[in-house]
Each structure stands twice: as C-alpha cells, then as structure tokens.
2 protein chains.
Amino acid sequence: MNKEITPCRDLLERNGYRFTAQKQRILEEILIANTHLSVKEIYERVKEKHIGIATVYRNLKCFETLGIVKEINENGMRYYEKRIYSGQPLHIHFKCFICNCIIDIDDYTSDLEYLKINRKIEENSQLEIHDANIMLIGICPKCREDKEKCQGQPNIDV
Amino acid sequence: MNKEITPCRDLLERNGYRFTAQKQRILEEILIANTHLSVKEIYERVKEKHIGIATVYRNLKCFETLGIVKEINENGMRYYEKRIYSGQPLHIHFKCFICNCIIDIDDYTSDLEYLKINRKIEENSQLEIHDANIMLIGICPKCREDKEKCQGQPNIDV
DNA sequence: TTTAATGCAAAGTGTTTGCACTATA
DNA sequence: TATAGTGCAAACACTTTGCATTAAA
C-alpha cells in the first residue's frame, strides 16, 4: 500500500469519516497519477470494482474539504490532484488556448516568488491567504510549431 | 453609448462577425459591471429584450475567442469580465473558502511582480504565456471575524 | 439578397440527491 | 449493532445544438 495513504487515513478518521475500500481506491489513483485527473478519468480507473460515480463525487468533495486533494476548475470541468503537504505548497498549471491541454509547471523558484507576492497582498488587505490557483494561458510548444502553417487565428489587434 | 464598445465592434467586424443588437446589449452589461458576472447574471440583465440564454452563451464564447472578455471558472460556474487592453494586464481574484464569495484584488504592484515571474517561466520553458488566471484562496475579512465563534472547521493537522 | 445570428425547445453533459442496502467502527 | 457510506436511478443544473425565422451587411 502506498505509504502516503496512512496520513490520509488518519486525517479522515480523526474527522469522523470511515476509511472505506472506495475511499482507498480513489485516493490511490490520485496519488499514483501525481497529476491532475478529471472526475471521469478517476471514475474510469475505479469503476471496474462497482464504484459508482456518485461515490467518486462524494469522496472527492470530502478529500477536498480536508485538504487532501485540490480542485482545479477549467473549461467547466473539474480536475483533482493531490495537495502536497510539505515542501512545494502551490502548483502552477499552464493551459494551451489552442489545443486546451493542461501542463504542470514545476518550477520551485517561481513557486517561492509567487508565495512572496501573496504574503504582500495579505499585508495590504484584510485577507487571509491559504492557497493559490495559478493557471497560465498561452500556446504550448506543439501548437507553436504548427502556428506558421495555420491561419485560423482571430484577427486580434486592438 | 459606452465608448469602450467601438473598439469591440471593430474587432468583431474585422473578424467577420455581425454587430447585432444582442451582442451590443450583452457587451454593455459586462463593460458597465466592471467585475465578473456569471452567465445567469448576464442573462437576467438582458432577457427582458427577448434575448435567449443560448445567444448569451454563443456571444460570450465569441467574445472570449476574440479576447474581449475573460472567462473565470470557479466551483463549476463560469464568470465573465472584460479584459483590459491597456494598463493592467491581469486580474487577481480571491475566493473565500467559507462563504465562497469572490473578491477582486486590484494591486498594480503585485500584478507587475506576477508578470515578471511569468516572463521567467517562459524563458525556462518552451511555452508562450499570453495571460494568467490567478485565484487566491483563503478567508475573507467577514468570515475571519466569525471564526472565533464557529467550531465547524475540519480537524486538519498533518 | 445573402447568410450569419437568433429564439426556442430539445438534447447533451456534468453533478447532486433520495433511498434501500451494505459494511465499517 | 448502529449508522456512515454506498450503488443506483432519478432529478437537477448548466451548456450546446438543430432548425425555422429574423435581420445585418
């Protein structure tokens, strides 16, 4: 069993949740994937064991409440990824506006810079900032290559 | 007529779209609001003139493609706000995880800092970054006040 | 006059809920 | 054994689509 599961189990039980086979199964997939998964992707990976989609939704919401996973909203879809408890406290995503792919950006230095800004915003406002969702938008390397050939882009020039 | 509309009209026509009364009406609401609006909110404000929800969706998508408005995905909902062409190139939002309200953060210095980091990420990767969606998550001042009395929080302590 | 855009309703997709049943603590 | 959790199906909410009609260029 994935050793990352034990602290999750503790967290669940300490909050009065039961650590069911379904919870374990769903959690395992998220931990193994180590990237964002859509609800559908998670369901596809666990449904063979008679786990219903409602259970997937219910447990994802539970995991989110406890901070075990993080929800990413993009294009009307929900993605989930594990939240890292120590070390890297935020996770930057990049979305290509041509092919709509989502790429994880793992740049520790940039993460730290972002956090510094957040601290500053916190000081200047009455807000208490716990987390940040950062989605950069642009063109991925693959689509960039194809750009020369393709003339399908809108005529933007304000 | 709102003078911000003229460049939008030009942009639409240059891209082969017709500048209909519906487009103008929807656009006006977004420009007047000067903050994020949900699809429902936009529809509520224009429906009196027989504008159907499908038209609202179709036009918002069109505006988004041309970069006139910006889409924000949060909690499975879509919000739209005008994209500012000059000056402030990105817009930071804050979401309270207790009451789910969304607050606009207008901090020009932080915006610039964020942009600097994006340039650095761009240099270190093969990505072309055009824009950024930044959603800070935490507790708003109002909920912060109420926190002392309320014991409803999950027992998180990993 | 041509054809993009619209309104409406129906269909599609993603998410939640009610309820009888199951399995955990 | 008490009750949180589950699977299923039905309900719900948001979004898209087909089609006849309207109106912008």
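- Straight-line distance from the CZ atom of A:Arg25 to the C1' atom of C:dT24: 19 Å, rounded to whole Å.
- In this structure, B:Gln24 and B:Glu29 have side chains that are not in contact, with every pair of non-hydrogen atoms separated by 4.5 Å or more.
- Rounded to whole angstrom, the span from the CG atom of B:Leu12 across to the C1' atom of D:dA25 amounts to 14 Å.
- With respect to the salt-bridge test (charged N to carboxylate O, under 4.0 angstrom), the residues B:Glu122 and B:Arg119 qualify.
- Contact annotation: A:Lys40 does not reach the phosphate of C:dT13 (side-chain N/O to OP1 or OP2, under 4.0 Å).
- B:Arg78 comes within 4.0 angstrom of the backbone, heavy atoms only, and of no base.
- At the phosphate of D:dT6, OP1 or OP2 sits under 4.0 Å from a side-chain N or O atom of A:Asn59.
- Listed nucleotides C:dG14, D:dG7, C:dC8 differ in distance to B:His50; the shortest reach to its side chain belongs to C:dC8.
- In this structure, B:Leu60 atom CG and C:dA5 atom P are separated by 15 Å, rounded to whole Å.
- Applying the side chain to side chain contact (heavy atoms under 4.5 Å, CB included) test between A:Gln22 and each of A:Val46, A:Ile51, A:Leu27 identifies A:Ile51 as the sole match.
- Considering only side-chain N and O atoms, A:Thr20 lies under 4.0 angstrom from the phosphate OP1 or OP2 of D:dT6.
- Taking for each of B:Gly76 and B:Gln22 the nucleotide of DNA chain C with the nearest heavy atom, the 5'-most of the two is the partner of B:Gln22.
- Nucleic acid contact class of B:Ile53 (heavy atoms, under 4.0 Å, all strands): none.
- Between the side chains of A:Asn133 and A:Lys70, at least one donor N or O lies within less than 3.5 Å of an accepting N or O.
- Of the residues near DNA chain C, A:Tyr17 and A:Val39, the one whose nearest nucleotide (by heavy atom distance) lies more toward the 5' end is A:Val39.
- Between B:Phe97 and A:His130, the ring-plane angle classifies as perpendicular under the 30° and 60° cut-offs.
- Residue A:Glu74 contributes atom CD, which lies 20 Å from atom P of C:dT13 at whole-angstrom precision.
- Atom pair B:Lys49:NZ and D:dA23:C1' shows a separation of 14 Å (rounding to whole Å applied).
- Contact between the side-chain N/O atoms of B:Lys23 and the OP1/OP2 oxygens of D:dA24 is not found at any separation under 4.0 Å.
- To the nearest angstrom, C1' of C:dA5 lies 12 Å from CZ of B:Phe63.
- The pair A:Lys82-A:Glu4 counts as a salt bridge, with a side-chain nitrogen and a carboxylate oxygen less than 4.0 angstrom apart.
- Across the interface with DNA chain D, nearest-nucleotide mapping of B:Met77 and A:Tyr43 shows A:Tyr43 to be the residue nearer the 5′ end.
- Rounding to whole angstrom units, CD1 of residue A:Ile51 and P of D:dC8 are separated by 11 Å.
- Nucleic acid contact for A:Lys61: sugar-phosphate only, since backbone atoms but no base atoms lie under 4.0 Å from a heavy atom of the residue.
- Remark: P of C:dT13 and OH of B:Tyr57 are 16 Å apart, rounded to the nearest angstrom.
- The base of C:dA4 lies close enough to the side chain of B:Arg18 for a donor and an acceptor atom to sit less than 3.5 Å apart.
- Here B:Lys47 does not reach the OP1 or OP2 of C:dG7: none of its side-chain N or O atoms lies under 4.0 Å away.
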